[in-house]
Number of protein chains: 2
Amino acid sequence: MAVTYRDIKADILGKITRGEWKPGSLIPGELELAETYGSARATVNRAMRELAEDGIIERKRKSGSRVRLSPLRQARFDIPIVRREIEERGAAYRYALVESEVVRAPDWVRARMGLSPGETVRHLVCLHFADGTPYQHEDRWINLAVLPQARDADFRSEGPNEWLVAHIPFSEAEISISATVADATLAAHLACAAGDPLLQIERSTRWHGRAVTYVRLVHHRGHRMTARY
Amino acid sequence: MAVTYRDIKADILGKITRGEWKPGSLIPGELELAETYGSARATVNRAMRELAEDGIIERKRKSGSRVRLSPLRQARFDIPIVRREIEERGAAYRYALVESEVVRAPDWVRARMGLSPGETVRHLVCLHFADGTPYQHEDRWINLAVLPQARDADFRSEGPNEWLVAHIPFSEAEISISATVADATLAAHLACAAGDPLLQIERSTRWHGRAVTYVRLVHHRGHRMTARY
DNA sequence: CCCGGTCTTTTGTCCGGACTTGAAGGCCGT
DNA sequence: ACGGCCTTCAAGTCCGGACAAAAGACCGGG
């Protein structure tokens with residue numbers, strides 16, 4: 001059988017983890033590797049390219065490839081739709097709309113979304129339950145200038161997240177994770193004590209450069225996001 | 001000039017974001033696309049493969065490629081070494097060792113790291129400062145069965161993170177993010193009030209299947225991790 | 001009707017060759 | 001010493017062709 005690019009990738013990775021090729025050292029050129037593995041240069045290239053994407057090595061034209069000094073540690077977190085996240089844990093999902101209004105955007109929302117003064121937004125507060133216990137509190141603002149259909153949409157049975165992905169196929173987003181503290185209303189909604197530390201995710205989404213929605217997701221007490229790499 | 005795989009990728013992505021190819025719909029086969037773009041199938045393949053990696057489309061042999069129903073939202077967070085993180089913000093980095101001991105692993109550490117009873121670990125408590133203000137509190141446990149050199153290493157001037165990457169080139173890790181609350185000692189170290197919510201990262205690292213280190217990083221009040229996608 | 005085997009389609013991978021691009025290093029004139 | 005130009009080299013990309021592998025589709029036997 002021929003050598004696959006996976007074989008080559010695994011072999012090179014092995015040499016690195018076993019310490020044969022130390023951090024900072026130069027790796028043989030693609031041509032040389034292709035010869036030693038008895039494969040085409042394109043195959044070696046694919047292996048090396050993936051190693052570079054994985055943050056294991058660093059590549060530069062002319063200078064060649066070298067093992068990274070400090071392995072670039074990067075973790076990939078999936079940010080699934082809540083319903084999916086809950087169902088994948090084998091729990092029953094339930095959704096509830098707590099509050100809904102159409103208002104002029106308050107200043108702090110305007111600032112975050114980059115709206116002009118006086119623009120109106122649809123403001124929603126929702127709760128997501130897993131097996132009956134509160135899982136996530138959602139505080140969402142939708143820009144009606146971009147999505148006027150959101151003014152009359154009925155969010156009582158369908159969550160805004162689901163509605164949005166059906167109306168905006170794809171978008172850019174900025175997401176940020178922080179810790180916050182439960183105030184009285186959050187505590188009531190999430191069935192925890194006021195003062196409890198809670199994990200909070202904020203996401204602002206834009207479509208063709210225009211702010212579509214800003215959402216603040218506060219998770220139940222003890223929630224953790226996990227990733228492997 | 002020839003069409004590059006980037007051109008093709010951008011063009012297809014455009015068709016999707018503009019709604020020409022709706023979520024769930026089938027995308028033309030590679031052969032057909034190669035013809036319309038006037039390029040080789042390998043080039044189209046590269047473009048499609050990357051779109052699949054980015055979570056935009058889904059590919060299956062025989063059935064073809066289709067636009068994802070709900071675009072897989074995944075965010076990549078860089079987990080840099082603290083020193084680098086601080087210096088990249090343009091702040092001055094300072095490190096301090098607070099506590100250091102060699103002990104038998106307490107039960108909760110044993111459980112997390114999967115150690116046998118009676119195994120010894122090096123336990124370190126460190127602080128990382130940015131421009132003089134506390135930035136991160138580090139509570140680290142190193143398995144001396146795997147890294148006996150850690151018993152006598154001097155962590156007074158060099159942080160354990162730096163020491164570790166120099167001694168274990170690469171490793172697998174599980175990382176998990178959660179919110180915690182400042183107790184008295186954390187509050188004192190991080191210059192915040194007891195009861196403040198703090199962002200906490202836990203990471204366990206293994207090398208060739210054996211637990212190397214477990215670390216709990218608690219960030220200063222108000223810290224946030226941000227990513228774009 | 002169900003079950004397994006075979007066909008066919010589509011993506012996945014590889015090859016060997018070619019040209020392009022970016023950056024390092026040297027050369028030269030000031 | 002100091003620019004700016006030119007060479008050179010390694011990675012980056014592309015081509016056209018080929019075979020491999022997965023997974024629907026189809027079909028015949030029980």
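First the proteins, then the strands, lettered A, B, ... as listed; each starts at 1. Remember, predicted model here, so these are calculated numbers, not experimental data.
Salt-bridge annotation for B:Glu50 and B:Lys9: present, with a side-chain N of the basic residue lying under 4.0 Å from a carboxylate O of the acidic one.
Between B:Glu35 atom CD and D:dG16 atom C1' there is a gap of 14 Å when expressed in whole angstrom units. Atom-to-atom, CD1 of A:Ile27 to C1' of D:dC9 comes out at 18 Å; the value is rounded to the nearest Å. Here the P atom of nucleotide C:dC14 and the CZ atom of B:Arg41 are 13 Å apart, to the nearest Å. Atom P of nucleotide C:dT20 and atom OH of B:Tyr5 are separated by 18 Å, given to the nearest angstrom. Computed from coordinates, the B:Asp7 CG to D:dG12 P distance equals 18 Å when rounded to whole Å. As rounded to whole Å, 13 Å separates atom C1' of D:dG24 from atom CG of B:Leu26. For the pair B:Leu31 CG and C:dT9 C1', the computed distance is 11 Å after rounding to whole Å. In this structure, the NZ atom of B:Lys9 is 12 Å from the P atom of D:dC14, given to the nearest Å.
Panel note: side chain A:Tyr37, backbone A:Asp7; no donor-acceptor pair is recorded below 3.5 Å. A donor-acceptor pair under 3.5 Å links the side-chain atoms of A:Thr213 to the main chain of A:Trp141, judged by distance alone.
For B:Ser65, a side-chain nitrogen or oxygen approaches OP1 or OP2 of C:dT11 to under 4.0 Å. When the side-chain nitrogen and oxygen atoms of A:Arg6 are compared with OP1 and OP2 of C:dT13, one or more of them lie within a distance under 4.0 Å.
Residue B:Arg6 places its CZ atom among 12 or fewer non-hydrogen atoms of other residues, nucleotides or ligands, all under 6.0 Å distant.
For the segment residues 45-64 of chain A, residues with any heavy atom less than 4.0 angstrom from an atom of DNA chain D are, sorted by number, A:Asn45, A:Arg59, A:Lys60, A:Arg61, A:Lys62, A:Gly64.
The six-membered or imidazole ring of B:Tyr135 lies near that of B:His220, with a centre-to-centre distance under 6.0 Å.
Nearest heavy atom pair, residue B:Leu198 against residue B:His219, reads CD2-O, 3.5 Å. When all heavy atoms are compared, the tightest approach of A:Arg59 to A:Ser65 is NE-OG, 3.1 Å.
Comparing C:dC15, C:dG12, C:dA18 against the side chain of A:Thr43 picks out C:dC15 as the nearest.
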